[in-house]
Amino acid sequence: MKKVYLLFLLISFSSFAQKTFDNIKSEKLGEERRITIGLPASYETNKDKKYPVLYLLDGDYLFDPFSGAVSYGTYWDDIPEMIIIGIHQNKDGERYDDSTIDQNEGLPFEKGAKFFEFIGAELVPYIEKNIAPHLLGLLQVTM
């Protein structure tokens, strides 16, 4: 009986999640980056509602756990529904290059600076253009 409840629970959560994938050609990085886009359950039915956006690094690994935590917090009205943008960084050691910093100043350096520019100058405008009517603001979580 527990297996039936667990299966029902998993099916009910998956029916509310709207998860899609996209690839963005980055001039700053000189490569294409994959992203995961998670839309809240009310996204399609409530066209006038505005949503905050969470940009999540290591999105290929952390998207599902964060999405689950956001769904849980939303269920209890602890946090608002939000759009989650997961940036994939685990192909060919990208996450290490993406987080390169200058050891003296602590600022993004070399490919880390290019990745920082990719997020601000390419990814955010891309999301604003393609999901613009539903954006409330930006939330950024870095790990």
Side-chain angles (χ1 to χ4, degrees), residues 1-101 105-143:
M1 192 65 172
K2 289 182 183 179
K3 291 180 183 179
V4 173
Y5 287 128
L6 181 60
L7 180 60
F8 177 72
L9 182 65
L10 291 174
I11 291 170
S12 65
F13 276 125
S14 65
S15 67
F16 294 112
Q18 299 177 33
K19 178 177 165 181
T20 59
F21 298 92
D22 200 356
N23 293 320
I24 298 177
K25 179 73 174 150
S26 171
E27 291 181 21
K28 302 283 183 190
L29 296 173
E31 63 190 28
E32 194 170 77
R33 279 299 173 100
R34 187 154 179 86
I35 61 170
T36 304
I37 303 167
L39 303 175
S42 67
Y43 184 83
E44 291 298 326
T45 59
N46 194 348
K47 297 292 185 183
D48 296 328
K49 186 172 181 178
K50 303 289 185 188
Y51 298 97
V53 179
L54 179 124
Y55 289 87
L56 179 66
L57 303 182
D58 264 344
D60 36 353
Y61 288 131
L62 297 176
F63 185 88
D64 290 333
F66 264 82
S67 180
V70 167
S71 294
Y72 183 79
T74 301
Y75 175 81
W76 291 106
D77 290 326
D78 290 335
I79 58 174
E81 287 185 303
M82 64 183 70
I83 297 169
I84 303 173
I85 307 298
I87 306 168
H88 294 221
Q89 294 183 276
N90 290 295
K91 184 181 87 175
D92 301 327
E94 293 166 331
R95 80 189 293 239
Y96 298 107
D97 293 338
D98 291 346
S99 59
T100 305
I101 60 168
E105 297 179 19
L107 298 173
F109 182 67
E110 295 177 349
K111 183 135 186 235
K114 292 178 183 178
F115 181 70
F116 182 78
E117 289 177 18
F118 159 71
I119 292 173
E122 295 177 331
L123 179 61
V124 171
Y126 176 83
I127 297 301
E128 288 175 350
K129 178 181 176 188
N130 292 296
I131 310 178
H134 299 292
L135 295 183
L136 175 63
L138 305 175
L139 298 174
Q140 184 171 356
V141 175
T142 58
M143 300 302 261

Identify the two heavy atoms, one from [X] and one from [Y], that lie closest to each other, and give their separation to 0.1 Å.
X	Y	answer
P52	E81	CD-O, 3.2 Å
P125	I119	CD-O, 4.5 Å
N130	Y126	ND2-O, 2.8 Å
I127	I85	CD1-CD1, 3.7 Å
L29	S26	N-OG, 3.0 Å
I24	L123	CD1-CD1, 3.2 Å

Rounded to the nearest 0.5 Å, how far does [atom2] of [Y] lie from [atom1] of [X]?
X	Y	atom1	atom2	value
I87	F115	CD1	CZ	4.5 Å
E31	N23	CD	CG	11.5 Å
E110	D97	CD	CG	9.0 Å
L57	R95	CG	CZ	9.5 Å
T20	L39	OG1	CG	6.0 Å
Y51	N46	OH	CG	5.0 Å

Looking at [Y] and [X], is there a salt bridge between them, counting it only when a charged N and a carboxylate O are closer than 4.0 Å?
X	Y	answer
K19	D64	yes
E27	K25	no
D60	R34	no

Take the angle between the ring planes of F21 and H88 and call it parallel below 30°, perpendicular above 60°, tilted in between.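 Because their plane-to-plane angle is over 60°, the rings of F21 and H88 count as perpendicular.
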Would you say S67's side chain and F63's backbone share a donor-acceptor pair under 3.5 angstrom?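 Flag not set: sc S67 to bb F63 has no pair under 3.5 Å.
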Just by distance, do the side chain of E122 and the backbone of K28 share a donor-acceptor pair under 3.5 Å?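 A pair under 3.5 Å: yes.
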Salt bridge (Lys or Arg N to Asp or Glu O under 4.0 Å), paired with E94, selected from R33, K111, K114: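 By the salt bridge (Lys or Arg N to Asp or Glu O under 4.0 Å) criterion, E94 pairs with just one of R33, K111, K114: R33.
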Do P40 and I83 come close enough that some side-chain heavy atom pair is under 4.5 Å?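 Side-chain contact under 4.5 Å: yes.
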